[in-house]
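Both counts, for ligands and for their atoms, begin at 1 and track the order of listing. Along the sequence shown, the residues carry numbers beginning at 1.
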Amino acid sequence: MSELHGIWYDGRSSRGQPARLDSPSPGRLRLVAGETVREFDAASVRLSPRLGRLARQLRFADGAHLEVEDAERLDQWLPARSRIEAGVDWLERRRAAVLSATVVLVLGVWGFFQLGLPWMAREVAPLVPPAIENTISKQALGLLDGHLLEPTRLPAARREALQQAFHDMTRGLPRADGLRLDFRHAPGLGPNAFVLPNGQVVMTDQLVTLAGDDEELMAVLAHEAGHHEHRHGLRRALEKSAMLVVVGFLFGDVSGTGALSVSLPVLLVEQGFSRGHETEADAFAFSLLAGQGLSPEAFARIMSRMTGDGKLDAGLGPMGYLSSHPPSANRIEAARRAAEEAPAGTPAGD
Ligand SMILES: [Zn+2]
């Protein structure tokens, strides 16, 4: 049986009538619909692309068309199909495969952002030469100096005492060499502290004023030293810039200019630490404090002060000490637990 069935529309009325289609000789087709009989060249009509299981349409130049059941025979009678049509059809027939491929792709991209980029940044950060860390840090601080940060108003003796205490606390750390402490007056920022990739810790005068005692300040500084030891700032900035480049490639900004025009220093200032980084820096601080015979309880006290001060959410972007991604209450709780495990006055060796 080399006959296909369909419905014939003459192009003038919207009513269709049953029709049959066959091929009396190669390259020729014959349509019979009621009294209409048309015999024509296969090349004179256009066959709609095969789209899944949709009926095909044969379109005639005069506006008439035949809706016909899909069959392999149609493609034998009218073999000229573009590659695109064939491709669309292939996709259509493999909807499930396409869907699962999309899901796999999305999961892959998500996984890459979640795990791949942080891993890459952790591997790459140690390879960044100190000179570049220095440049990035200077530029980042330059973005802040002048509008958010002003020269410190603390007496020199006070500053030197804190610098000495910080030096004593961090001496012997693997990355102690780069660490140094500076101060800034920052009424707009309030009590805050942060560390740059080159190890420069900046503490605001406002934080010094807020603290009940120097142990509380050492607790904050121990936390910043933790960020420095783990290279959190640079890692985060690398992750974010790589992410911007990848997003640029995925979503059309192929030149990558949008991504690359955001420089590392800007990302340093704007991008916060992840919850994991904060928790890691806290844990580092607790053990550093305990090792010095200082109680992590001091960390809980200064955190409570900062929360009570109502300034906790007004800090310097997420880079600052204040932007605690893990809720402050949790961090205070963790500090108290660490304090119970390591009471003050029992230095763990020297
Ligand atoms: Zn932090």
> Got a sec: is H232 within less than 2.8 Å of the Zn ion (ligand 1) via an N/O/S atom?
Replying inline: no
>> Connecting only ILVMFWY residues whose side-chain heavy atoms lie within less than 4.5 Å of each other, what is the rest of V103's hydrophobic cluster?
In response: L107
> So, is H277 placed with an N/O/S atom under 2.8 Å from the Zn ion (ligand 1), counting both backbone and side chain?
Replying inline: no
Please tabulate, one pair per line, all N/O donor-acceptor pairs under 3.5 Å involving side-chain atoms of residues 118-134, not counting sequence neighbours.
from : atom 1 : to   : atom 2 : distance (Å)
N134 : OD1    : N198 : ND2    : 3.0

> So H227 and H223, would you call those rings parallel, tilted or perpendicular, with 30° and 60° as cut-offs?
Replying inline: perpendicular
> Which N/O/S atom belongs to E278 and is the closest one to the Zn ion (ligand 1)?
Replying inline: OE1
> Do E69 side-chain atoms and L4 backbone N/O form a donor-acceptor pair below 3.5 Å?
Replying inline: no
